[in-house]
Amino acid sequence: MKEISKHYNPSEVEPKWREFWEKNNIYKFDPKAKGGIFSVDTPPPTVSGKMHIGHAYSYTHEDFIARYRRMRGENVFFPFGTDNNGLATERLIEKTKNVRASKMDRNDFIKLCNQTIKEITPDFISDWQKAGMSCDFSKIYSTIDDNSRRISQKNFIDLYKKKYTYRQEAPVIWCSHCQTAIAQAELEDKEIETLFNDIVFKLKDKKDLIIATTRPELLSSCVAVFVHPDDKRYKKLVGQKAQVPIFGNKVEILADKKVDLEKGSGAVMCCTFGDKTDVEWFKEYKLPLVMSLDKSGRMMEKAKKYAGLSAKVARQNIIEDLQKKKLLVGQKKITHSVNIHERCKNEVEIMNSLQWYIRILDEKKEFIDLGKKIKWHPPFMRARYENWINNLGWDWAISRQRFFGIPFPVWYCGKCGEIKIADIEDLPIDPLSDKPKGKCEKCGNSKFIPEKDVMDTWATSSISPQLALQLFFDEKTAQKMIPMNLRPQAHDIISTWLFYTVVRSHYHFDKIPWKEVMISGHVLDSQGKKMSKSLGNVVAPQEILEKYGSDALRYWSAGSSLGQDINYSEDEIKIGKKTTTKLWNVARFMAMNVKKAELLKDSEMVEPADAWIIDELNKTIAKTTKAFENYAYAKAKEEIDGFFWSKFADYYVEFVKYRFFGDDEKSKKIGEKTIATVFFNIVKLYAPIMPFVTEEIFQTWFKHLEKTKSVHISKWPEEIKLKKMPDISDFASAIKAVDEIRKHKTKQNISLGAEIDSIKLKTKTNLKKYGEFLKKVGRVKKIS
RNA sequence: GGGCAAUUGGCUCAGUGGUUAGAGCGCUUCCUUGACAUGGAAGAGGUCACAGGUUCGAUUCCUGUAUUGCCCACCA
């Protein structure tokens with residue numbers, strides 16, 4: 001045996017095996033390899049600087065499963081990709097390169113984005129590799145590369161032909177800061193303090209109608225006043241007109257049940273558009289469209305003297321003017337929540353504009369049914385999916401008035417406005433630089449206006465199964481592989497990535513995208529609070545990897561059940577580190593006593609202690625296998641831990657020592673084989689969770705036992721069946737007796753290694769059978 | 001307001017329709033024994049949030065309440 005280092009050092013061991021795995025293509029996907037394919041729709045992380053702890057948490061979860069499946073002999077398709085277009089990427093480039101997209105030449109900005117992504121991606125991905133991810137990193141996709149452009153545009157055309165996408169001028173959620181339309185799923189809530197203003201609208205008899213509003217700057221957009229049909233105070237007013245203060249125009253007073261009698265004065269102004277209810281009323285009552293805010297959030301001509309002001313300043317000025325005219329009769333501070341854009345945290349508006357949409361409202365029921373065809377881990381996560389769909393209020397707006405994204409493969413006829421779609425064989429195209437073939441099909445004109453908008457990044461990431469599969473398969477074969485086996489992801493993007501992928505798969509293939517989904521939780525700080533830069537409680541996985549190693553990080557990650565949020569705990573990571581140390585020390589013990597590891601033959605006759613540990617191992621294998629099958633990696637870890645520490649290390653290793661140091665060669669040999677067999681299986685069981693230390697041990701001591709290059713493509717443990725086994729039905733009593741001896745020594749403050757003269761056992765034990773064993777194990781001269 | 005989840009020893013969490021509810025950390029006492037002091041042995045510590053109900057029996061099932069967290073709606 002070669003020299004064994006006393007300590008296990010992950011910082012030396014881990015890079016070595018990472019390199020080995022890559023060089024030997026251990027995780028490389030071969031479509032022709034044997035074994036059924038198990039396909040994973042790996043989440044493409046948004047390229048954003050560095051991997052964060054939440055990534056490390058949820059990605060390792062899927063890696064546990066992938067590694068388990070691989071050892072089960074399945075041909076695991078575990079691709080990798082990065083998401084790097086859209087607003088998130090623009091923001092990253094603006095920040096790191098200190099530029100503003102809106103102030104740059106469009107092409108220059110796109111070039112800068114592409115170039116920057118190329119620069120930072122390898123470094124970004126290396127963190128995933130350091131975390132021990134067993135994806136095939138030899139071929140990865142990016143949601144902005146040519147292949148993704150082509151597939152995404154082609155799919156868009158498919159949607160267009162099937163009439164699942166349409167272009168329409170309609171109210172859409174708008175971010176004035178980013179100056180683009182956004183989707184409902186991109187909203188967040190924020191509590192803000194604001195003023196609730198009681199404003200006087202004059203009626204025809206010069207009487208006052210008080211209206212409460214938080215947004216007086218929209219007065220110029222007021223198109224109606226609504227009251228509740230059952231409101232006695234205002235019943236008579238319905239059908240009359242009210243005069244908008246300052247602006248002087250008259251609007252109709254209408255009745256609608258959506259009005260809350262209790263809120264404000266019970267009378268509400270309807271503006272185009274203040275909120276979603278305004279949009280509903282606009283549609284239902286066919287109200288005029290009067291926009292006061294432009295796309296950058298400034299007041300337009302309609303706002304007359306306020307034109308050109310920002311909404312905020314206009315609000316202040318209008319309030320002052322109302323005060324001067326004595327039309328402001330009340331004001332109170334309230335706290336309410338508003339929708340903000342998740343990317344920039346600014347309040348959103350509703351803007352009427354021309355956008356591309358994907359239909360989703362029409363098929364809500366269908367999407368809920370499709371959700372039921374997918375197996376959810378944990379099952380309750382499906383309720384979140386359904387809850388989201390039930391509450392959907394808008395079709396999916398996919399066009400963005402931005403720069404760095406996949407362009408729509410579309411032009412418009414310069415004469416009649418008819419939509420002209422690109423030819424599929426020309427894809428990918430950019431309508432701004434490429435010209436369409438032929439003439440307008442409607443009017444024969446040959447001048448076209450290119451679509452300037454780009455697609456929402458989710459419009460591309462929602463076809464991730466195709467992006468990933470088409471890296472390795474032709475399009476037809478790729479389609480046959482849908483549904484994929486598994487979509488792993490965290491719960492925060494159920495309403496986006498998960499839902500949108502179901503939508504797209506349904507529209508393109510009339511299939512569910514995957515058979516099963518596994519949903520991970522989030523990482524909170526040690527107090528259970530969200531990690532955020534402003535709170536300064538962010539934990540960098542890179543530091544953990546460096547300090548404790550990947551196996552320790554993964555051990556921590558495996559500690560919580562699927563779907564559960566986890567509190568970050570350095571202690572738990574330390575236990576992971578301890579486990580690698582323990583494994584290493586057991587390996588050293590074995591190596592000191594066993595020249596060359598040999599496995600038990602099934603004809604071998606073992607001793608009771610051996611039979612007992614084999615029996616316990618078999619139970620553990622069964623339970624662990626079942627747990628991994630159900631994505632219950634935490635349960636699997638618990639089973640392996642329990643067996644390894646409490647059965648194998650605490651007892652069996654002690655049981656076998658006297659044989660190793662004794663002179664009964666036959667007994668010694670059987671002990672050697674048993675310890676090797678059991679430990680070999682322990683290493684395999686731990687391999688999906690702790691891939692590095694298990695590989696190190698496997699390569700050092702067990703490699704000759706199986707024809708395989710790596711423990712990670714070795715065979716998953718199976719029950720060990722020996723032809724003849726001693727009866728161990730009473731072995732539990734022997735263990736009890738061992739405990740009793742240990743207790744006795746502890747109480748006497750004697751070291752466990754010290755020999756004592758005699759002990760009288762209270763435990764009923766078959767001394768004829770186990771007397772000698774107990775004497776040796778317990779170091780007692782006489783037992784009665 | 002709607003949905004989902006959680007509530008078990010000081011802390012973090014497992015767990016089960018049924019004899020004394022488990023683990024790790026922490027704590028106490030002891031042990032340097034030929035894998036490991038980055039260790040080992042023994043031990044203290046819980047009316048399983050609360051209230052009803054189902055049951056021969058509930059921490060486990062049902063209902064309600066409270067508290068906490070997440071998602072969504074409310075934004076006039």
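Numbers restart at 1 for each chain; the letters A, B, ... are given by sequence-line order, proteins then strands.
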Name of the residue among A/N593, A/T674, A/D610 meeting side chain to side chain donor-acceptor pair (under 3.5 Å) with A/R659: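 It is A/D610, the one option of A/N593, A/T674, A/D610 that forms the side chain to side chain donor-acceptor pair (under 3.5 Å) with A/R659.
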Return the nearest nucleotide to the side chain of A/F380; candidates are B/A5, B/A42, B/A76.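 When the side chain of A/F380 is considered, B/A5 is the closest of B/A5, B/A42, B/A76.
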Heavy atoms from C-beta onward define the side chain here; which of B/C4, B/A41, B/C75 lies closest to that of A/R742?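 Between B/C4, B/A41, B/C75, the one nearest the side chain of A/R742 would be B/A41.
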Using a 4.0 Å heavy-atom cut-off, does A/I334 contact any base of the nucleic acid, only the sugar-phosphate backbone, or nothing at all? sugar-phosphate
With a non-hydrogen cut-off below 4.0 angstrom, is A/K743 in contact with a base, only sugar-phosphate, or nothing? sugar-phosphate
Please report the distance, rounded to the nearest Å, between NE2 in A/H522 and P in B/U68.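 Answer to the nearest Å: 21 Å.
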Spell out yes or no: do the side chain of A/N387 and the base of B/G2 have one donor N/O and one acceptor N/O closer than 3.5 Å?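 Such a pair exists between side chain and base.
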Of all of residues 216-225 of chain A, which get a heavy atom below 4.0 angstrom from RNA chain B, listed by number?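 Hits under 4.0 Å, by residue number: none.
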May I ask you to check if A/R487 and A/W497 form a cation-pi contact, with NZ or CZ under 6.0 angstrom from the six-membered ring centre and within 45° of the axis? yes
Between A/K364 and A/L392, what is the shortest heavy-atom contact and its length?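 Taking every non-hydrogen atom into account, NZ-O, 2.9 Å.
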First of A/A185 and A/A212 reached from the 5' end of RNA chain B, by closest nucleotide: A/A185
Go through the structure and list residues passing ring pair (Phe, Tyr, Trp, His ring centres under 6.0 Å) with A/Y686, not counting sequence neighbours. A/F644
Please identify each residue that fulfils ring pair (Phe, Tyr, Trp, His ring centres under 6.0 Å) with A/Y631, with sequence neighbours left out. A/H377
Lys/Arg N to Asp/Glu carboxylate O, A/K736 vs A/E740, below 4.0 Å: no
Write out a two-atom table: protein N or O, nucleotide N or O from nucleotides 13-22 of chain B, distance below 3.5 Å.
{"from": "B/A14", "atom 1": "OP1", "to": "A/S561", "atom 2": "OG", "distance (Å)": "3.4"}
{"from": "B/A14", "atom 1": "O2'", "to": "A/E638", "atom 2": "OE1", "distance (Å)": "2.6"}
{"from": "B/A14", "atom 1": "O2'", "to": "A/E638", "atom 2": "OE2", "distance (Å)": "3.0"}

Note, RNA chain B 5' to 3' with Watson-Crick or G-U pairs under 3.5 Å encoded as ( ), [ ], | and . gives (((((((..((((....[...)))).(((((.......))))).....(((((..]....))))))))))))....
Could you point out which residue of A/L328, A/V200, A/L219 forms a side-chain contact (heavy atoms from CB on, under 4.5 Å) with A/P245? A/L219
Tell me if the aromatic rings of A/Y285 and A/F226 count as close, with their centers under 6.0 Å from one another. yes
Could you write nucleotides 24-39 of chain B as a row of B, S and -, 5' to 3', where a protein heavy atom under 4.0 Å of any base atom gives B, of only sugar-phosphate atoms gives S, and otherwise -? SS----SS-BBBB-BS
